Amino acid sequence: MYAQMVDTGVKAVRAVAEMSPEEQAFQARIDADIKIEPKEWMPDAYRRTLVRQISQHAHSEIVGMLPEGNWITRAPTLKRKAILMAKVQDEGGHGLYLYSAAETLGVSRDQMVADLHAGRAKYSSIFNYPTLTWADIGAIGWLVDGAAIMNQIPLCRCSFGPYARAMVRICKEESFHQRQGYDIMLSLARGTGEQKAMAQDALNRWWWPSLMMFGPSDAESVHSAQSAAWKIKILSNDELRQRFVDQTVPQADYLGITMPDPDLKWNAERNHFDFGAIDWAEFQNVIKGNGPCNRDRLRTRVKAWEDGGWVRDAAMAHAEKQAARAAAKAAA
Ligand code: FAQ
């Protein structure tokens with residue numbers, strides 16, 4: 001039903017002396033911060049790693065439209081509705097840039113979509129949680145887009161040119177998304193007691209899953225060492241998670257709501273917040289397909305793809321007719 005670990009063929013990071021001359025030249029370019037472009041030679045495992053990560057990222061954007069799309073018809077004001085519609089459309093756009101970036105590596109969008117629908121590809125764990133109240137839309141913008149930006153800013157400097165360039169625009173848009181979410185939280189936090197309670201409840205439910213978005217701890221992360229050597233990953237899962245916590249705790253204080261973590265406290269020695277243990281069993285359960293909404297999300301995506309079949313067929317038929325007309329005109 002849902003993806004298991006993707007084997008990119010990397011067992012351990014190899015020393016330069018163990019690499020072929022081609023691999024050594026490739027690694028030297030990476031070390032010199034030269035971007036790798038699609039038509040250049042690259043190790044198969046580098047290509048597979050990027051296809052895995054970029055396609056998962058694209059799927060996350062597309063599946064990520066669903067929890068928020070669920071609230072477009074119920075947004076509390078016309079302005080909030082217009083903003084939410086624009087945000088959800090932006091996420092669709094991000095998916096398209098990312099599918100295009102992955103296509104430069106030789107995989108077709110149809111193949112990537114088929115992999116998602118067949119459960120062979122992952123998407124972010126966070127989108128398997130339900131949006132129960134309007135405050136969840138605030139929490140997603142504030143926390144989920146906030147975590148996404150924290151992870152994606154370093155990706156703007158990653159070694160693969162098309163991915164790095166796609167990230168620049170995506171990050172600009174995500175920062176607006178984060179601010180619209182925080183603005184919703186601020187309105188609720190300054191509202192009635194009931195509204196403030198709604199904001200607190202959304203924080204309680206979204207905080208821990210947001211921390212899981214950064215992936216397993218560095219000690220458990222199977223791909224990190226090689227991805228760091230290839231400068232696909234600039235900062236580790238744990239480093240990014242810590243930065244996110246440090247950035248977000250003062251924002252919750254400003255809202256006047258409380259992080260659902262009794263172990264959260266400032267550590268002056270480390271100059272960081274200490275935080276409680278993440279429930280990794282929950283994370284593993286969600287990425288294996290058993291989160292609250294996994295089945296529903298996939299079912300909805302598959303149905304949307306099937307329902308849109310006639311549009312793709314019509315576009316193809318139109319393109320074929322145009323090509324045939326152009327050929328007939330050229331021959332006349
Ligand atoms: N969910 O060895 P690592 C967004 C998997 S965009 C599910 O550490 P890696 C915008 C991982 O794939 C959010 N699976 O892996 C938005 C691997 O399994 P595999 C998406 C996860 O790749 C906002 C295994 O665990 N962002 O939110 C997760 O080096 C609002 C071992 O992990 C991106 O995709 C997870 N959270 O590091 C949209 C950013 N974490 O592939 C709508 C790009 C780990 O072997 C509304 N991706 N796994 O089967 C990355 O930076 C990396 O892929 C990580 C994981 C950091 C996510």
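These numbers come from a predicted model, not from an experiment.
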If we count only N and O atoms by modelled type, under 3.5 Å, do the side chains of [X] and [Y] hold a donor and an acceptor together?
{"X": "Gln242", "Y": "Asp238", "value": "no"}
{"X": "Asn237", "Y": "Asp218", "value": "no"}
{"X": "Asn267", "Y": "His272", "value": "no"}
{"X": "Lys35", "Y": "Ser159", "value": "no"}
{"X": "His57", "Y": "Gln152", "value": "yes"}

With distance as the sole test, does [X] use its side chain to make a donor-acceptor pair with the main-chain N or O of [Y] at under 3.5 Å?
{"X": "Lys81", "Y": "Ala75", "answer": "no"}
{"X": "Arg29", "Y": "Gln24", "answer": "no"}
{"X": "Asp145", "Y": "His177", "answer": "no"}
{"X": "Arg109", "Y": "Glu103", "answer": "no"}
{"X": "Glu306", "Y": "Lys303", "answer": "no"}
{"X": "Asp296", "Y": "Cys293", "answer": "no"}
{"X": "Asp274", "Y": "Trp266", "answer": "no"}

Do you know which two heavy atoms are closest between [X] and [Y], and how far apart they sit?
{"X": "Met212", "Y": "Ile278", "answer": "CG-CG2, 3.8 Å"}
{"X": "Met42", "Y": "Ile36", "answer": "CE-CG2, 4.1 Å"}
{"X": "Thr104", "Y": "Pro162", "answer": "OG1-CG, 3.9 Å"}
{"X": "Ser125", "Y": "Phe283", "answer": "OG-CE1, 3.8 Å"}
{"X": "Ser227", "Y": "Thr49", "answer": "OG-CG2, 3.7 Å"}
{"X": "Ala135", "Y": "Met198", "answer": "CB-O, 3.4 Å"}

Exercise. In terms of ring plane angle, is the pair Trp41 and Phe26 parallel, tilted or perpendicular, where the classes change at 30° and 60°?
Worked result: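 Perpendicular.
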For this session: Indicate the ring-plane relationship of His94 and Tyr97, choosing parallel, tilted or perpendicular according to the 30° and 60° boundaries.
Result: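 His94 vs Tyr97 ring planes: tilted.
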Exercise. Please walk me through it: do Tyr123 and Arg297 pass side-chain contact (heavy atoms from CB on, under 4.5 Å)?
Worked result: CA-CA 10 Å; Tyr123 58 87; Arg297 298 289 185 242; 3.6 Å; yes
Exercise. Where do Leu50 and Arg47 land on the side-chain contact (heavy atoms from CB on, under 4.5 Å) test, with the steps shown first?
Worked result: CA-CA 5 Å; Leu50 282 167; Arg47 186 185 299 277; over 6 Å; no
For this session: Please go through Trp310's hydrophobic cluster and name the other residues, only I, L, V, M, F, W, Y counting, with side-chain heavy atoms under 4.5 Å joining them.
Result: Val311
Problem set entry | Salt-bridge contact Asp33-Lys231 (side-chain N to carboxylate O under 4.0 Å) |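 Between Lys231 and Asp33 there is a salt bridge, with a charged N closer than 4.0 Å to a carboxylate O.
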Exercise. OG of Ser236 to CD of Glu239: how many Å apart, nearest 0.5 Å?
Worked result: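 Between atom OG of Ser236 and atom CD of Glu239 there are 3.5 Å.
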Seminar exercise, completed: Separation between CG (Asp246) and CZ (Phe273), nearest 0.5 Å, reads 6.5 Å
Pairs involving [range], ordered by first then second residue, that meet side chain to side chain donor-acceptor pair (under 3.5 Å) (sequence neighbours left out):
{"range": "residues 313-332", "result": "none"}
{"range": "residues 65-79", "result": "Glu68-Lys87, Asn70-Arg74, Asn70-Thr131"}
{"range": "residues 206-217", "result": "Asp136-Trp206"}

[X] and [Y]: same hydrophobic cluster, using ILVMFWY side-chain contacts below 4.5 Å?
{"X": "Tyr163", "Y": "Val107", "value": "yes"}
{"X": "Val302", "Y": "Ile62", "value": "no"}
{"X": "Ile83", "Y": "Ile140", "value": "no"}
{"X": "Val88", "Y": "Phe176", "value": "no"}
{"X": "Ile234", "Y": "Met213", "value": "no"}

For this session: Please step through side-chain contact (heavy atoms from CB on, under 4.5 Å) for the pair Arg52 and Lys122, ending with a clear verdict.
Result: CA-CA 9 Å; Arg52 175 186 67 79; Lys122 287 191 173 69; over 6 Å; no
Problem set entry | With sequence neighbours excluded, residues passing ring pair (Phe, Tyr, Trp, His ring centres under 6.0 Å) with Tyr99 | His59
For this session: Sequence neighbours left out, what passes ring pair (Phe, Tyr, Trp, His ring centres under 6.0 Å) with Phe214? Give chain and number order.
Result: Phe244
My understanding is that only residues two or more places apart in sequence, or in another chain, count here; which of them pass salt bridge (Lys or Arg N to Asp or Glu O under 4.0 Å) with [X]?
{"X": "Glu220", "value": "none"}
{"X": "Asp90", "value": "none"}
{"X": "Glu22", "value": "none"}
{"X": "Arg80", "value": "Asp183"}

Please list, one pair per line, the donor and acceptor atoms closer than 3.5 Å that link side chains of residues 250-257 to other protein atoms, with sequence neighbours excluded.
from, atom 1, to, atom 2, distance (Å)
Gln251, OE1, Trp142, NE1, 2.8
Tyr254, OH, Arg190, NH2, 3.4

For this session: Using a cut-off of 6.0 Å, state whether more than 12 heavy atoms not belonging to Met85 lie near its atom CE.
Result: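 For Met85, atom CE is not crowded (no more than 12 foreign heavy atoms under 6.0 Å).
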Problem set entry | Val245/Leu264 under side-chain contact (heavy atoms from CB on, under 4.5 Å): CA gap, chis, key distance, verdict | CA-CA 9 Å; Val245 172; Leu264 185 77; 4.0 Å; yes
Problem set entry | Selection residues 148-173 - residue pairs positive for salt bridge (Lys or Arg N to Asp or Glu O under 4.0 Å), sequence neighbours left out |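 Listed by first then second residue: Glu37-Arg165, Arg169-Glu173.
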